[in-house]
Structure formats: C-alpha cells, structure tokens
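Report on the structure given below.
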Amino acid sequence: MKKLDEKQQEKIYILKVILKDIYKRVEGTPYRVIAVPGSFTLYELAEEIVKSFDFYFDHCFGFYDNLNSWTNSNECYELFKDIEEEQGLEPTCCKSVKKTRIDKVFNKIGRKMLFLFDYGDQWHFIVNLKRIESPKQNTDYPLVLESVGKVLQYG
C-alpha cells in the first residue's frame with residue numbers, strides 16, 4: 001500500500017476493468033474500478049487486477065492494444081520480455097511490464113488495453129482509463145473503488 005496526499009505530484013489513475021465472457025464478449029459485468037498511482041508499473045497493475053477478481057497471481061500475462069486479436073497488436077507489454085531479459089532468452093517484440101509505468105501507457109482518458117492473463121485459459125480483461133485525479137488525503141493506494149459481479153470459473 002502506498003499512502004499519498006494531495007500535495008504530492010503523483011496522480012491517481014482510475015481504471016475500469018471488465019472481464020470478457022467465455023466467448024470473449026464484453027457484456028458489462030463483472031467489472032472492477034480500481035485506483036492506482038500513475039507511477040505503478042504494468043506488472044503492479046496486473047497484480048492489482050488479478051487480486052481484485054480473486055484470482056491467484058500465478059500465470060504469465062500481457063497488455064495489448066488490439067482488444068479483439070491480441071496477436072495482431074502493434075503495441076504490447078509482456079511478462080515474457082522480463083523473463084527473457086532475466087534468463088537471456090530469445091527477444092520478443094513486446095516491451096517490459098516490470099519497467100513500464102501506467103502513466104506512460106494510459107496517457108489519455110478513454111485509453112483501452114486488453115489485459116490477457118494466463119495464456120492457457122486466456123482470461124481477457126478490457127482496461128479503460130476513466131479519469132486521472134489527485135490523491136485523496138489519508139488514503140492508501142491501490143484501492144478497489146467498485147466491485148460488480150462475480151467471476152464464474154469456466155472449465
């Protein structure tokens with residue numbers, strides 16, 4: 001948890017995260033609205049998303065700009081990039097989730113990315129930047145602001 005106050009320059013990013021259904025359609029629920037510091041990395045954001053949906057943070061993941069066909073994305077950030085760097089493996093074309101900050105990717109209101117968690121089961125989440133605000137006094141971040149709907153475990 002990170003305690004911030006209004007005097008600090010850091011901004012809080014309010015993101016709505018919608019879980020697609022088993023047919024990869026967005027029906028509006030379940031979703032979470034989370035508040036995270038802009039300085040958080042995509043890795044930290046992924047951890048918060050997964051935790052907010054009561055999943056274990058135990059699989060590889062990535063963020064992609066193509067919401068419907070992640071393999072055809074022009075912009076992507078993957079945990080595989082970090083693993084490859086740590087283990088000296090063949091490079092991927094995607095960027096690091098551990099080195100990339102939220103405020104560099106979600107740089108305008110309405111910006112959406114696909115968060116793909118677990119390449120086997122392929123849980124698809126649409127992450128949408130709703131607003132950017134100053135931190136609230138005496139508030140610990142990250143924070144789940146709204147939680148709607150339960151996750152049905154498929155398979």
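Note that the structure is predicted; figures quoted are calculated from it, not measured.
Without hydrogens or angle criteria, Thr139 side chain to Gln137 main chain gives a donor-acceptor distance under 3.5 Å. One N or O on the side chain of Glu10 and one on the backbone of Ser39 form a donor-acceptor pair closer than 3.5 Å. Using a distance-only test at 3.5 Å, with no hydrogens or angles considered, no donor-acceptor pair links the side chain of Asp118 to the main chain of Trp123. Without hydrogens or angle criteria, Thr41 side chain to Lys99 main chain gives no donor-acceptor distance under 3.5 Å. A donor-acceptor pair under 3.5 Å links the side-chain atoms of Arg111 to the main chain of Val105, judged by distance alone.
For the residue pair Val36 and Pro142, the shortest heavy atom distance occurs at CG1-CB, 3.6 Å. A pairwise comparison of heavy atoms in Leu19 and His124 identifies CD1-O, 3.4 Å as the closest pair. Scanning both residues, Leu42 and Phe61, for their nearest heavy atoms gives O-CE1, 4.5 Å. Taking each heavy atom of Ala35 and Ile14 in turn, the nearest pair found is CB-CD1, 3.5 Å.
Cys76 pairs with Cys94 as a disulfide, the SG atoms being under 2.5 Å apart.
Aromatic rings from His59 and Tyr119 are positioned such that their centres are separated by 6.0 Å or more. Residues Tyr141 and Tyr13 place their aromatic rings such that the two centres sit no closer than 6.0 Å.
To the nearest 0.5 Å, atoms CE (Met113) and CD1 (Ile126) are separated by 10.5 Å. Atom CG of Leu15 and atom CD1 of Ile49 lie 7.0 Å apart (nearest 0.5 Å). The distance from atom CG of Asn72 to atom CG of Asp65, rounded to the nearest 0.5 Å, is 10.0 Å. Here CZ of Arg32 is found 13.5 Å from NZ of Lys51. Values are rounded to the nearest 0.5 Å. Here the CZ-NZ distance, from Arg131 to Lys16, works out to 11.5 Å after rounding to the nearest 0.5 Å. Here the CG atom belonging to Leu116 is positioned 10.5 Å from the SG atom belonging to Cys60, to the nearest 0.5 angstrom.
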request  = Begin with the C-alpha distance, continue with both residues' side-chain angles, and end with the deciding distance and a verdict on side chain to side chain contact (heavy atoms under 4.5 Å, CB included) for Tyr31 and Glu146.
outcome  = CA-CA 8 Å; Tyr31 73 86; Glu146 192 174 352; 2.7 Å; yes

Stepwise salt bridge (charged side-chain N to carboxylate O under 4.0 Å, His left out) test for Lys81 and Glu78 = CA-CA 6 Å; Lys81 180 67 173 182; Glu78 292 179 338; over 6 Å; no

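Leu114 places none of its side-chain heavy atoms less than 4.5 Å from the side chain of Asn66. Between Phe53 and Val144 the shortest side-chain heavy-atom distance does not fall below 4.5 Å. With contacts defined as side-chain heavy-atom distances shorter than 4.5 Å, the pair Phe57/Tyr43 qualifies. Contact annotation: the side chain of Leu45 approaches that of Ile34 to within less than 4.5 Å [non-hydrogen atoms, C-beta and beyond]. Between Phe117 and Asp58 there is a side-chain heavy-atom pair separated by less than 4.5 Å. Proximity of Leu67 to Lys112: side-chain heavy atoms (C-beta onward) are separated by under 4.5 Å at one or more points. Counting heavy atoms from C-beta on, the side chains of Leu79 and Lys98 come closer than 4.5 Å.
The aromatic rings of Phe115 and Phe125 sit tilted, their planes meeting at an angle between 30° and 60°. Below 30°, between 30° and 60°, or above 60°: for Trp70 and Tyr64 the angle between ring planes is between 30° and 60°, a tilted geometry.
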